[in-house]
J.: 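One structure, pasted below without further comment.
What you see is a predicted model, and the numbers here were worked out from it, not measured in a lab. Naming: A, B, ... by sequence-line order, numbering from 1 per chain. FYI, side chains are in, hydrogens and waters are out, and symmetry mates aren't considered; it's all heavy atoms of this structure.
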Number of protein chains: 2
Amino acid sequence: MQNAYQKMDTAELKAAIAELEREVEETRAKELKLDMARGKPSPEQVNISRPMLDILTSDADLMDEGVDCSNYGCFEGIPSARRLAGEFIGVPPEQTIVLGSSSLNIMQSILIHYWEKGVPGYTPWSKLDHVKFLCPAPGYDRHFGITQDLGIENVPVRMTETGPDMDEVERLLAEDDSIKGMFCVPKYSNPTGVTYSEETVRRLATCKAAPDFRIVWDNAYAVHDLTDDGDKLANIFDIAREAGNEDRILGVASTSKITFPGAGIAFFGSSPANVVEVANTLKVGLISANKLNQLMHTRFLPDLDAVHEHMRKHAEFLRPRFDAVERKLSEGLGGTGCATWTHPNGGYFVSFDGPEGSAKRIAALCAELGVKLTPAGATWPYGNDPHDTNIRIAPTYPSVDELEAALDVLVLATKLVSAQLALEER
Amino acid sequence: MQNAYQKMDTAELKAAIAELEREVEETRAKELKLDMARGKPSPEQVNISRPMLDILTSDADLMDEGVDCSNYGCFEGIPSARRLAGEFIGVPPEQTIVLGSSSLNIMQSILIHYWEKGVPGYTPWSKLDHVKFLCPAPGYDRHFGITQDLGIENVPVRMTETGPDMDEVERLLAEDDSIKGMFCVPKYSNPTGVTYSEETVRRLATCKAAPDFRIVWDNAYAVHDLTDDGDKLANIFDIAREAGNEDRILGVASTSKITFPGAGIAFFGSSPANVVEVANTLKVGLISANKLNQLMHTRFLPDLDAVHEHMRKHAEFLRPRFDAVERKLSEGLGGTGCATWTHPNGGYFVSFDGPEGSAKRIAALCAELGVKLTPAGATWPYGNDPHDTNIRIAPTYPSVDELEAALDVLVLATKLVSAQLALEER
């Protein structure tokens with residue numbers, strides 16, 4: 001399928017490029033300074049959680065069901081927070097650990113532990129000739145960073161509309177037992193916004209794999225629906241347990257994008273054996289986490305119903321931004337064949353694909369014009385997007401006006417780069 | 001030097017044991033339940049910090065000198081907190097990193113980093129045949145736990161009244177370049193309460209050692225004076241810099257025993273190069289720390305003067321407890337020759353030594369009588385107190401009445417075990 005510029009004859013194409021270049025110069029003259037780079041809520045959105053700051057005062061009761069939150073102790077987390085964690089992750093409260101920021105930190109600690117000591121009963125990963133992790137791509141750069149830092153090879157697996165390509169995942173796992181893990185953001189995946197289908201969840205929980213294969217199940221956007229009719233994610237822990245694979249799943253989540261980014265509480269949930277083992281591991285480097293922050297959170301958000309109610313307020317801020325992305329991209333690029341993008345029902349991102357070989361040039365042109373994007377390629381392991389098409393759009397931080405201005409620039413840059421590529425390939 | 005029981009003739013000694021055994025049975029009948037095990041402040045003492053909880057309210061300004069503390073960003077810590085960290089550690093603010101809980105966690109992350117990747121320019125410790133750490137003993141069990149967990153050999157060095165035995169430290173470092181680090185609690189050392197002399201600090205900063213030798217300088221009790229006339233600690237960073245060893249010193253501290261245990265903020269301070277390297281390392285697993293907690297802390301305790309003022313309130317609680325230890329031990333054991341103990345001017349502990357071979361038996365008898373102590377031996381690497389003499393007294397958590405009751409039991413147990421040992425050695 002040719003795009004609109006590829007279909008033009010060369011004279012038409014050159015004229016189109018000249019016109020787009022003129023628009024670029026007009027835009028450049030505006031000296032914009034806009035940021036669509038990271039998944040941060042806007043300041044107004046963050047303010048939704050300010051009432052939480054009034055909860056713990058000097059005369060507050062700092063006990064949580066018999067636990068003194070103002071002193072050392074209760075490593076696994078306070079009772080109310082473990083109950084909330086259980087609801088979040090989909091396991092009983094006693095199969096959870098609640099710490100401070102962040103879930104990324106918990107994932108890293110666990111993978112370092114397996115690297116040093118191995119999954120119980122198996123060789124430490126550091127003693128193996130080669131260790132690989134499957135990385136659904138486009139995916140989350142900070143996941144890939146943890147394994148890359150340890151010297152684990154990150155193997156991309158293409159995302160589909162129902163989650164990672166499971167035929168590929170099963171083929172790789174069946175033939176290569178050096179694959180010891182896989183990162184998953186199963187709901188409103190970063191950046192595609194895809195929620196894994198029940199079949200994908202089932203295949204992940206039950207497929208053949210090395211006995212010390214572990215899935216990092218990062219449910220970062222578990223409650224981040226844009227509407228009341230959000231995506232539904234199957235409970236992987238239930239399916240894995242039935243299949244005898246309950247130790248395979250390492251669940252994490254946090255409140256960083258529910259209350260205050262960086263100042264949230266982080267949840268770990270897994271099998272009973274994993275929780276004991278992970279707690280013993282983490283205790284080496286921590287006496288106990290910030291339980292006052294846990295208490296403040298659970299008094300503000302005592303259960304999942306309260307969380308959903310709170311998330312509706314977030315959605316009020318997010319919906320117009322996601323709508324703006326859809327509208328601006330449709331208006332600017334719809335029917336051109338130059339780009340595709342996702343239409344998520346929640347999460348923090350839209351995944352955008354331009355023509356082959358375009359993403360780095362589009363991002364560079366946007367940067368020139370004052371619009372900061374997540375670096376092109378960042379959504380692939382080692383920054384290596386094999387077709388150089390993918391750009392992660394993070395629409396949450398700017399105001400709607402700023403966002404629209406930034407999207408106009410992205411549309412313009414995509415058109416010009418698409419046209420230039422069409423000319424260059426002649 | 002014989003103790004009072006060793007000097008008795010056998011008949012006297014047997015009579016003394018019978019009398020002590022009678023007292024033990026009386027005590028047992030009381031069914032005490034007392035805890036002198038961990039360095040926790042009492043609930044009343046923790047309450048000193050409750051006014052801090054009133055500072056951040058829903059209408060508070062959440063900016064710190066241009067940094068939005070309610071959103072992601074500012075990995076190294078907010079400006080006001082880095083300034084406080086600099087004062088604490090004794091380095092400029094830009095040579096600090098401020099995170100959430102805990103300093104133990106920072107130490108562990110850095111040592112894991114050197115284990116995996118090495119001190120920059122040198123072989124990763126994990127690739128060496130053997131790595132050792134010097135552990136001043138009696139010392140802090142959780143320090144020893146970090147290195148033990150990595151498979152590093154913990155080598156005890158005896159504590160003296162001026163810090164670790166520096167002749168021994170220098171001798172070991174000169175002859176063995178597999179020694180890659182050392183743990184130090186330089187002020188009110190855990191558990192002896194000793195503050196390192198200026199000469200000790202100087203020798204640590206300047207002595208010959210492997211180029212990738214690192215000192216974990218855990219100034220956990222930097223401001224924890226019992227009186228206004230507290231011990232003074234020399235600035236090791238200044239001395240190390242002059243000697244060209246500024247990368248040797250890894251400074252940490254925290255507010256866990258200033259505000260709320262477990263819910264404090266943690267400080268790292270070191271050379272400019274180390275701070276950059278450690279920040280880049282920690283960023284792999286953390287986007288940004290809990291900056292709201294940092295802001296709450298620095299609004300409550302904006303500088304070291306405010307901290308000292310706050311610590312005077314802590315001292316009001318601690319002084320009667322340390323006085324009770326001194327009084328009860330002097331009254332009960334003074335002149336018997338059965339025990340020695342330290343007389344610290346600050347910190348959280350008193351170090352107690354009974355006769356050779358007594359500590360485990362004393363602790364076991366105390367436990368039988370309802371008094372929980374830190375496990376005997378815990379103050380030595382691998383729990384292996386070579387002469388089985390040392391017990392860590394943690395007097396801060398119980399009320400003064402409870403503490404006195406617990407100390408009566410410790411005195412009684414020490415007497416009976418000393419007498420039994422005197423009889424057994426005949």
Side-chain angles (χ1 to χ4, degrees), chain A residues 38-43 46-47 49-54 56-60 62 68-74 99-102 104-109 112 115-117 126 142 145-146 148-151 256 260-264 281-293 296 397, chain B residues 38-43 46-47 49-54 56-60 62 68-74 99-102 104-109 112 115-117 126 142 145-146 148-151 256 260-264 281-293 296 397:
Chain A
R38 299 294 323 175
K40 288 170 71 164
S42 66
V46 169
N47 285 342
S49 299
R50 279 178 167 257
M52 186 172 77
L53 299 175
D54 292 329
L56 293 193
T57 56
S58 57
D59 57 358
L62 301 181
D68 181 356
C69 301
S70 72
N71 214 327
Y72 288 124
C74 200
L99 297 176
S101 50
S102 63
L104 191 71
N105 210 244
I106 296 176
M107 297 177 226
Q108 184 189 36
S109 296
I112 286 175
W115 182 256
E116 290 297 337
K117 308 275 178 64
S126 62
R142 291 191 188 266
I146 293 174
Q148 186 177 342
D149 186 67
L150 285 171
S256 247
F260 295 105
T281 298
L282 296 174
K283 276 176 190 171
V284 174
L286 186 68
I287 298 175
S288 55
N290 185 338
K291 296 191 295 296
L292 290 176
N293 199 31
M296 182 169 78
Y397 188 78
Chain B
R38 298 296 321 176
K40 288 170 70 164
S42 67
V46 169
N47 285 343
S49 298
R50 279 178 167 258
M52 185 171 78
L53 299 175
D54 293 329
L56 292 194
T57 56
S58 57
D59 56 359
L62 301 182
D68 181 357
C69 301
S70 71
N71 214 327
Y72 288 123
C74 200
L99 297 175
S101 50
S102 63
L104 191 72
N105 210 245
I106 297 176
M107 297 178 229
Q108 184 190 38
S109 295
I112 286 175
W115 181 256
E116 292 296 337
K117 308 272 177 63
S126 63
R142 291 190 190 266
I146 293 174
Q148 186 178 339
D149 186 67
L150 284 171
S256 248
F260 294 105
T281 298
L282 297 174
K283 277 176 188 169
V284 174
L286 187 68
I287 298 175
S288 54
N290 185 337
K291 297 192 295 298
L292 290 176
N293 199 31
M296 182 168 77
Y397 188 78

J.: Roughly how far apart are A/Met296 CE and B/Asn293 CG, rounded to 0.5 Å?
T.: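 These two atoms lie 8.5 Å from each other.
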J.: Considering non-hydrogen atoms only, spot the tightest contact between A/Asp54 and B/Ser58 and give its length.
T.: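 Closest approach of A/Asp54 to B/Ser58: OD2-OG, 2.6 Å.
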J.: So which heavy atom on A/Val284 is nearest to which on B/Gln108, and how close?
T.: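 In terms of heavy atoms, the two residues are closest at CG1-NE2, 3.6 Å.
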J.: Is the shortest heavy-atom distance from the side chain of A/Ser256 to the side chain of B/Tyr72 under 4.5 Å?
T.: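 Yes; the side chains approach each other to less than 4.5 Å.
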J.: Among A/Thr281, A/Asp149, A/Asp68, A/Leu56, which residue forms the greatest number of heavy-atom pairs with chain B at distances under 4.5 Å?
T.: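 Heavy-atom pairs under 4.5 Å are most numerous for A/Asp149.
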J.: Pick one of side chain, backbone, both or neither for B/Asn71, based on which atoms fall under 4.5 Å of a heavy atom in chain A.
T.: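 Answer is both: backbone and side chain atoms of B/Asn71 are under 4.5 Å from chain A.
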J.: For B/Lys117, is it the side chain, the backbone, both, or neither that has a heavy atom closer than 4.5 Å to a heavy atom of chain A?
T.: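 The side chain, not the backbone.
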J.: Roughly how far apart are B/Leu292 CG and A/Ser49 OG, rounded to 0.5 Å?
T.: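 One gets 10.0 Å once the value is rounded to the nearest 0.5 Å.
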J.: With side-chain contact (heavy atoms from CB on, under 4.5 Å) as the test, would you mind laying out the steps for B/Asn105 and A/Asn105 before giving the verdict?
T.: CA-CA 11 Å; B/Asn105 210 245; A/Asn105 210 244; 4.3 Å; yes
J.: Compare every heavy atom of A/Leu286 with every heavy atom of B/Ser102, then report the nearest pair and how far apart it is.
T.: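 Closest pair (atom of B/Ser102, atom of A/Leu286, distance): OG-CD1, 3.5 Å.
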J.: Working note: A/Ile112 + B/Ile112, criterion side-chain contact (heavy atoms from CB on, under 4.5 Å); need CA distance, chi angles, decisive distance, verdict.
T.: CA-CA 9 Å; A/Ile112 286 175; B/Ile112 286 175; 4.0 Å; yes
J.: Hey, mind stepping through A/Glu116 and B/Trp115 against side-chain contact (heavy atoms from CB on, under 4.5 Å) and telling me if it holds?
T.: CA-CA 10 Å; A/Glu116 290 297 337; B/Trp115 181 256; 2.9 Å; yes
J.: Which atom names give the shortest non-hydrogen contact between A/Thr57 and B/Arg50, and what distance separates them?
T.: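 For A/Thr57 and B/Arg50, the tightest heavy-atom pair comes out as O-NH1, 4.3 Å.
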J.: For A/Lys283 versus B/Arg142, what's the shortest heavy-atom pair and its separation?
T.: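 Smallest interatomic distance, heavy atoms only, reads O-NH1, 3.9 Å.
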J.: CG/A/Leu62 to CG/B/Leu53 distance, rounded to the nearest 0.5 angstrom?
T.: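 Rounded to the nearest 0.5 Å, the CG-CG separation comes to 6.0 Å.
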J.: Is chain A contacted by the side chain of B/Asn47, its backbone, both, or neither, given a heavy-atom distance below 4.5 Å?
T.: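 Neither part.
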J.: Hydrogens and angles aside, do A/Ser101 and B/Asn290 bring a side-chain donor and acceptor to less than 3.5 Å of each other?
T.: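 Result is no, nothing qualifies.
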J.: With a 4.5 angstrom heavy-atom cut-off, could you sort out which part of B/Leu99 is near chain A: side chain, backbone, both or neither?
T.: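 Contact with chain A: none, neither part.
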J.: Taking A/Ser288, A/Ser126, A/Ser70 one by one, which has the highest count of heavy-atom pairs under 4.5 Å against chain B?
T.: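 Top count of heavy-atom pairs under 4.5 Å with chain B: A/Ser70.
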J.: Shorter than 4.5 Å, heavy atoms on both sides: which option in B/Gly39, B/Pro41, B/Pro43 has the most such pairs with chain A?
T.: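 Counting heavy-atom pairs under 4.5 Å, the top option is B/Pro41.
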